[in-house]
Amino acid sequence: MSPPNIILILVDDLGWRDLGSYGSTFYETPHVDQLATEGTRFTDAYAAAPVCSPTRASILTGKYPATIGMTDWIDWGNFVHPARGRLVDAPYIDHLPLGEYSLAKALQAAGYHTWHVGKWHLGGEQFYPDKHGFDVNLGGCAWGLPTGGYWSPWRIPTLEDGVAGQYLTDRLTDEAIRLIQHSAGQPFFLNLWHYAVHTPLEADRELVRKYEQKSKDLGLDRRPTFAEGAVFPCAHKQDQRITRRVVQSDPRYAAMIENLDTNLGRLLAAVAAAGLADNTIVIFTSDNGGLATAEGSPTCNTPLAEGKGWMYEGGTRVPLIVAGPGIAAGRICPVPVTSPDFYPTILQLAGLELPSRQALDGVSLAPLLHQTAMLERDAIFWHYPHYGNQGGTPGSAVRSGAYKLIEFFEDRRIELYNLHDDIGETVNLAQSEPDLVAQLHTQLADWREQVEATMPQPNPDYQP
């Protein structure tokens, strides 16, 4: 059999519980849920960062963001950074370095078509997808969201505007389908990174009305929607009060998710129509947790704590579904995995050796896709030395087995959670488990030193 085609679908800001197969009872995602029944669904999958650009870089390099030096979202307009509170944000690079031997370059060298469709957000024009091994770039630019909205004209510099009123998610799917239809028998890597479901919240009015009615039918419009929390420092405007969504009920967000799901169905139908379904691997995931505490707070990640921009589970735990030939169907995998794992996983699934020029932090997940297995890895790590726009503060974290330790840099506070017993991170075990805290804290500190992680510094101008 020829090498498998690879489709990597990355959704922007999709929360861990934003799919029916992950427990949502408000959003409707039948095509994604069907994909989960046909493949392996991971319960403990993580993005390498609680924000987008670092996770995207980790996927293409197989490295932790701290290893690369890209630890925060790329502020292409310099609207927010440098952020300050008690600390000053750590410096970070604002592009994917050209010296990285990307996943696309590795597949391109093996004879794959390499196509990028959708959001990029990994640097300006000199760092666009075509500079990192992609034969085609449709929609990828410096932008982190469709600044003109989801309805054409988008004025995205790498995507022609459609007819007036064309929806961006529909158009990106159209472009992906066209590429598949003209693949001419050569294996392909389709890197489909949707702008959805990032703000602005815009969707077809009929779909929005459907979910307005559903909210009423379920009585969600009569329940408290938000719970206000403490004020957090916001670098680009006056201090804001955290507004946490406590129920999934936003009709616009629900409509965006249904449209995304419909487009996944269209894409998979096109793969089948082209006779490629039996030799195509599909990976579906998100770049960080759902947006739950700011900017309209469109979704709720409960039972996970907080959301995008935070070091808690709601900020980094994401859906992950992998389906295709030889992959166990209907299996649920509880092994913790992280986005740098995609690089070695995809190369192994494609029958390729790991490139000697690229030292990887990730490990291949292939054993988890074919059989019940564990990975030979002690821990996974996060490093986010920044103030999140959504209320999170600088810190880093390590997960080993069931336990997760978070170190917050402002006051060097340590929190320890048993995620098997306490997925919501409600009971801090740091005082009752001093030996485990010492072990994990040392492991985290050693890792930071190994990758030469940058650290935030005290803010000399800070006034409580």
* If you look at every heavy atom in Pro336 and Tyr46, which pair is closest and at what distance? -> CB-CE1, 4.4 Å
* Enter the distance from Tyr27:OH to Thr29:OG1 here, rounded to the nearest 0.5 Å. => 11.0 Å
* More than 12 heavy atoms of other groups within 6.0 Å of Arg357 CZ -> no
* To do: Please determine if Glu425 and Lys404 form a salt bridge, counting it only when a charged side-chain N lies under 4.0 Å from a carboxylate O.
  => yes
* Contacts of type side chain to side chain contact (heavy atoms under 4.5 Å, CB included), residue Thr302, not counting sequence neighbours -> Cys300
* Asked: In Å and rounded to the nearest 0.5 Å, what is the NE2 to CG distance from His121 to Asp75?
  -> 7.5 Å
* Side-chain ion pair, Glu306 and Arg244, N-O less than 4.0 Å -> yes
* Assess whether atom CD of Glu125 is packed by more than 12 heavy atoms of other residues, nucleotides or ligands within 6.0 Å. => no
* Could you give me the CA-CA distance, side-chain angles and deciding distance for Glu100 and Lys63, then say whether salt bridge (Lys or Arg N to Asp or Glu O under 4.0 Å) is met? => CA-CA 10 Å; Glu100 294 291 343; Lys63 299 178 180 180; 3.0 Å; yes
* Which residue pairs pass the ring-ring contact (aromatic ring centres under 6.0 Å, His included) test when at least one of the two sits in residues 434-460, sequence neighbours left out? -> Tyr64-Trp447, Phe381-Trp447
* Asked: Between Lys308 and Asp13, is there a salt bridge with N-O shorter than 4.0 Å?
  -> yes
* Asked: Around Gln126, counting heavy atoms of other residues, nucleotides and ligands shown, do more than 12 lie under 6.0 Å from its CD?
  -> yes
* Asked: Is it true that Asp89 and Arg84 make a salt bridge, defined as a side-chain N closer than 4.0 Å to a carboxylate O?
  -> no
* **Nearest-0.5 Å distance that lies between atom OG1 in Thr293 and atom CH2 in Trp310** => 5.5 Å
* **OG on Ser58 to CD1 on Ile68, rounded to 0.5 Å** => 6.5 Å
* Salt-bridge contact Arg448-Glu407 (side-chain N to carboxylate O under 4.0 Å) -> yes
* Please collect all ring-ring contact (aromatic ring centres under 6.0 Å, His included) contacts where either partner lies in residues 388-410, sequence neighbours excluded, each pair once. => Tyr312-Phe408, His383-Phe409
* Asked: With respect to Phe284, which candidate in Leu14, Ile7, Leu10, Leu192 satisfies the side-chain contact (heavy atoms from CB on, under 4.5 Å) definition?
  -> Leu14
